[in-house]
Amino acid sequence: MPISPLTSAELYLPSLLSSLDAKVKSTKSLNPLDKIVGQERAQSAVEFAMSMQDKGYNIYAIGRNGLGKRTMVMRYLDRYDPGLHHPLYDWCYVVNFTDARTPKVLQLPQGKGAQFKKDIEELMKRLVKALPLAFDNEIYYTRADKLKAQLASKQEAALNKITKEAAAKHISLSITAQGSYELLAMNGDEPHSEATFAALSHKQQQTLENNISEIESKLREVVRKFTAWEERYSDQQQKHDEQVAQDVLVHLMDPLKLSYADYPVIKAHLHDMHKDIIENLDIFLEQNEEQVALAYASMQKKMPRRYQVNVLVNQADKTMPIVVEESPNYHNIFGYIENATFKGTIFSDFSLIRPGSLHRANGGVLMIDAIKVLEQPYVWDGLKRALRSRQLSLSSLEREVTLSGTISLDPEPMPLNVKIILFGDYQTYQLLQHYDPEFKELFRVTADFEDEMPRTAQSEALYAQFISSIVRGNKMLHCDRGAIKRIIEFSARQADSKHKLSLHSADIANLLREANYVAKSSNANMIRVSHVEQALYNHELRVCRLKDNVMQSFVDGTTLIDTANKVVGQINALSVIATSDHQFGVPNRITATTAYGEGAVFDIERKVDLGGSIHSKGVMILTAYLATLFGQTDKIPLSTHLTFEQNYGGVDGDSASMAELCAILSAFSGLPLRQDIAITGSMNQFGHAQPIGGVNEKIEGFFDVCTIKGRSDSQGVIIPQANVQNLMLRADIVTAANEGRFSIWAINHVSEAIELLTGIACGERDFEFEDYPPQTVLGIADKRLQKLRQHAKQQAKKAD
């Protein structure tokens with residue numbers, strides 16, 4: 001029975017928006033979409049991972065770029081309620097008063113970090129004023145003078161006593177202001193001269209020397225007592241100073257301690273700070289301004305900046321933090337410690353610790369691109385280390401790289417509670433699974449995002465809301481009902497199926513932006529279907545340079561093609577040429593020639609390494625089918641040479657296998673094939689037609705070449721029946737098909753293609769007589785092959 005061409009209704013499925021209220025005339029009347037459409041599987045995975053608090057339940061989101069994975073996840077997370085199991089905290093670093101090299105981390109309730117920092121700064125301002133005033137008044141000076149006078153009186157009494165004792169033994173004791181002393185033997189009221197001393201008897205001289213030694217020994221004892229007295233005085237003065245400071249601190253710090261009495265971490269830090277201030281009072285009482293400035297800028301123990309609070313993370317928004325890291329280098333992810341310079345001195349301390357995206361996302365979600373993470377040195381290892389330990393250690397990248405022993409800060413690790421969402425493609429996912437055994441343990445949840453969703457009346461209505469979301473989000477002109485329909489039809493074409501819609505939101509958003517530009521350029525108040533069509537045309541014009549060059553080769557005859565007449569062993573197959581942002585179809589001439597041989601099919605493309613493995617597989621399948629047709633009882637006495645004419649860049653895929661078989665059967669039978677018909681489709685070993693990709697582009701490519709070479713109403717394309725669902729053809733082709741000026745046939749078996757191309761029935765083997773009907777293509781081919789076999793046998797007899 002003759003095969004009928006497809007109807008125009010089968011070539012294009014228009015959008016009716018039947019589920020959308022007829023009163024809705026534009027996206028202005030549509031509420032923006034507030035839920036994820038078509039990604040139920042991925043959403044379920046995200047929901048599961050977010051509900052699991054155990055280690056390792058992080059997410060790898062799989063999908064092509066432009067699917068809107070991040071937008072969809074963000075939309076879900078914005079509605080996600082972490083509940084009581086996800087408390088949020090502020091994180092601060094403060095000095096460790098015991099060891100300044102290891103700053104302490106404070107985990108404070110949400111919103112308390114900034115307030116605590118402000119309170120400490122206010123306390124410091126008051127202390128800087130109050131403490132010097134407490135030490136600059138008459139009461140303090142009177143008490144200090146009294147202690148000093150007591151010391152001086154005691155020292156003077158001791159010196160007077162030893163001076164009198166020395167005088168009684170004719171020894172003069174004199175002490176200078178610098179603390180040195182002199183002992184002289186006296187001759188009455190005058191010191192002995194050398195002459196008078198020499199005049200003394202030996203016994204007298206010995207007595208004076210012994211007295212001097214005795215007084216000197218006692219004097220040294222007194223000096224030692226002076227040291228002890230001065231130390232005691234210093235202790236008393238220190239206690240006095242501490243008591244004065246204590247009174248000030250109690251007055252200023254007790255209210256602060258009382259306000260934070262319910263927060264043990266802050267309370268403990270204030271207690272340590274109180275003690276440290278008492279021990280380092282001199283930094284508040286320093287008189288030299290330059291020394292004060294140095295103290296504030298140095299890493300010495302005594303410096304006011306040690307009492308600052310470095311609020312690393314402030315969760316003042318009271319919502320779960322969602323951080324998107326666009327540049328995931330080591331410092332941006334894990335934070336870093338800055339260095340400062342003061343008068344040529346480089347220093348660092350806890351106040352120079354800067355947060356990374358992991359700090360900001362603590363208690364929430366961090367979203368990063370998988371490929372970008374893997375491109376950055378040391379980031380992937382650091383990320384795994386943090387997820388394994390559930391701690392965030394702030395170590396210097398320089399120390400990681402150089403392995404040097406340079407002195408640096410070693411801050412206390414911060415507890416980490418975060419969900420990591422990696423966005424990547426399937427290839428990256430496979431590589432990580434294969435080469436990193438820890439990946440499965442740390443990213444246990446896979447959110448697999450769909451590329452498309454079923455096209456139904458309900459999904460079209462949801463898609464219209466999705467379009468409204470993009471329009472409103474980008475503050476574009478609204479789309480009328482016709483524009484919405486055309487965009488939905490474009491989405492179906494992008495999905496390569498009339499029964500599906502593409503979820504590649506980037507394509508839809510880009511089309512809307514360009515249509516919006518066209519509409520505004522024409523001073524329209526709304527995006528209409530003509531603006532969408534113009535935007536599509538403009539885009540095609542920008543990216544079709546290669547297509548124009550290829551089509552020009554048909555115009556000037558550089559690429560040989562026939563779109564009329566009939567030729568033996570020659571057929572028009574269809575292929576797709578793709579660039580990074582565009583793909584189009586073109587016809588290719590396939591030829592088959594035969595010669596006496598052993599029945600082999602020589603694939604010339606394969607022989608010269610221009611054919612890919614899939615193409616070679618297709619040739620081997622059709623060779624097997626040929627053997628089924630003609631090699632049941634004897635060898636096929638013909639060898640066939642098969643090639644893509646004017647192919648210089650390689651060919652792959654099996655979508656030309658039906659065309660190749662038809663060319664071979666034409667060469668076997670001597671029956672010419674119609675050149676006004678092109679064919680695409682693969683086949684299995686039983687001759688059944690199998691679907692192929694790019695069917696729309698292939699049909700349109702042949703139609704365009706027919707237009708170039710000369711149109712006739714007999715022209716058309718043969719496709720597999722399974723590809724009918726993929727048809728969303730250009731309007732001019734649909735119109736031509738509707739008017740009978742271009743035909744598209746859908747077949748289930750290669751035999752149907754043979755009948756269309758030759759105009760003769762293909763024929764079926766009569767297994768009882770093991771023969772084909774004589775007036776069929778297979779019958780004519782088989783008859784020729786039988787003659788060749790007989791001729792071969794006769795030649796063999798003559799040779800014997």
Side-chain angles (χ1 to χ4, degrees), residues 45-61 70 73-94 103-117 260 262-266 269 309-326 328 330-336 350 353-369 373 379 382-395 411-423 442-445 447:
V46 174
E47 289 175 353
F48 168 71
M50 293 301 297
S51 64
M52 295 295 292
Q53 297 306 302
D54 296 327
K55 182 171 70 174
Y57 284 90
N58 299 290
I59 304 168
Y60 188 98
R70 186 181 301 178
V73 171
M74 287 285 287
R75 192 175 293 160
Y76 166 75
L77 292 177
D78 285 341
R79 302 195 312 269
Y80 176 72
D81 181 11
L84 299 176
H85 300 292
H86 294 76
L88 299 179
Y89 301 99
D90 288 352
W91 298 94
C92 308
Y93 269 109
V94 294
K104 293 195 303 182
V105 64
L106 298 185
Q107 178 180 320
L108 305 182
Q110 186 178 20
K112 282 293 180 182
Q115 183 60 46
F116 182 53
K117 176 182 175 69
Y260 288 103
D262 296 333
Y263 306 103
V265 174
I266 298 179
H269 179 69
V309 177
N310 183 4
V311 181
L312 220 62
V313 179
N314 180 18
Q315 301 286 6
D317 293 339
K318 298 186 182 299
T319 57
M320 183 182 71
I322 303 171
V323 179
V324 179
E325 182 52 68
E326 299 290 356
Y330 194 90
H331 285 165
N332 288 351
I333 291 286
F334 302 104
Y336 58 98
F350 74 94
I353 296 174
R354 299 294 176 255
S357 50
L358 270 178
H359 295 94
R360 293 190 296 272
N362 203 359
V365 176
L366 174 61
M367 297 191 289
I368 42 183
D369 185 271
V373 166
V379 172
L383 202 61
K384 291 191 297 181
R385 186 165 55 246
L387 292 176
R388 280 196 311 267
S389 64
R390 306 191 86 168
Q391 287 186 334
L392 186 50
S393 298
L394 212 158
S395 59
E412 179 185 1
M414 180 183 295
L416 184 64
N417 177 28
V418 68
K419 292 289 183 184
I420 304 291
I421 302 180
L422 282 180
F423 294 97
L442 296 176
F443 290 85
R444 297 180 179 177
V445 179

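Everything quoted here is computed from the prediction, not taken from an experiment.
The side-chain contact (heavy atoms from CB on, under 4.5 Å) search around Asn58 returns Leu387, Lys419, Ile420, Phe443, not counting sequence neighbours. When the side chain to side chain donor-acceptor pair (under 3.5 Å) test is applied to Arg70, the partners found at least two apart in sequence or on another chain are Glu326. With sequence neighbours excluded, no residue satisfies side chain to side chain donor-acceptor pair (under 3.5 Å) with Gln107. Evaluation of the ring pair (Phe, Tyr, Trp, His ring centres under 6.0 Å) rule for Tyr260 yields Phe116 as partners, not counting sequence neighbours. Phe423 pairs by the ring pair (Phe, Tyr, Trp, His ring centres under 6.0 Å) definition with nothing, not counting sequence neighbours. In this structure, the salt bridge (charged side-chain N to carboxylate O under 4.0 Å, His left out) partners of Arg354, at least two apart in sequence or on a different chain, are Glu338. Lys55 meets the salt bridge (charged side-chain N to carboxylate O under 4.0 Å, His left out) test with no other residue; sequence neighbours excluded. Remark: Glu47 pairs with Gln43 by the side chain to side chain donor-acceptor pair (under 3.5 Å) rule, at least two apart or across chains. Taking Asn314 as the reference, Asp90, Ala114, Val311, Ala316 meet the side-chain contact (heavy atoms from CB on, under 4.5 Å) condition, with sequence neighbours excluded. In this view, Asp54 and Met52, Tyr57 satisfy the side-chain contact (heavy atoms from CB on, under 4.5 Å) rule, not counting sequence neighbours. Under the rule for a side chain to side chain donor-acceptor pair (under 3.5 Å), Lys104 has no partner lying at least two apart in sequence or in another chain.
For the pair Pro321 and Gln315, the tightest heavy-atom approach, listed with the atom from each and the gap, is CG-NE2, 3.5 Å. Among all heavy-atom pairs drawn from Gly113 and Leu108, the shortest one is CA-CD1, 3.7 Å. Between Pro411 and Tyr93, the shortest heavy-atom distance links the atoms CB-CE2, 3.6 Å. In this structure, Ala45 and Ala447 approach most closely via the heavy-atom pair CB-CA, 3.9 Å. Considering all non-hydrogen atoms of both residues, Leu88 and Gly363 come closest at CD2-O, 3.4 Å. The nearest pair of heavy atoms linking Pro328 to Val379 is O-CG2, 3.5 Å.
With rounding to the nearest 0.5 Å, the separation of CG in Asn310 from SG in Cys92 is 8.0 Å. Rounding to the nearest 0.5 Å gives a distance of 10.0 Å between CG of Leu358 and CE of Met414. Note that CD1 of Ile322 and CD1 of Ile421 are 8.5 Å apart. Values are rounded to the nearest 0.5 Å. In this structure, CG on Leu422 lies 7.0 Å from CG on Leu383, to the nearest 0.5 angstrom.
Val73 is not listed as a side-chain neighbour of Ile59, based on a closest heavy-atom distance of 4.5 Å or more.
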Check against side-chain contact (heavy atoms from CB on, under 4.5 Å), Val418 and Leu392: CA-CA 11 Å; Val418 68; Leu392 186 50; over 6 Å; no
Candidate pair Val365 and Met50, rule side-chain contact (heavy atoms from CB on, under 4.5 Å), full reasoning: CA-CA 9 Å; Val365 176; Met50 293 301 297; 3.7 Å; yes
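A perpendicular orientation is assigned to the rings of Tyr89 and Trp91, their planes being inclined by more than 60° (bins at 30° and 60°).
Residue pairs meeting the side chain to side chain donor-acceptor pair (under 3.5 Å) criterion with at least one partner in residues 355-367, sequence neighbours excluded, are Glu325-Ser357.
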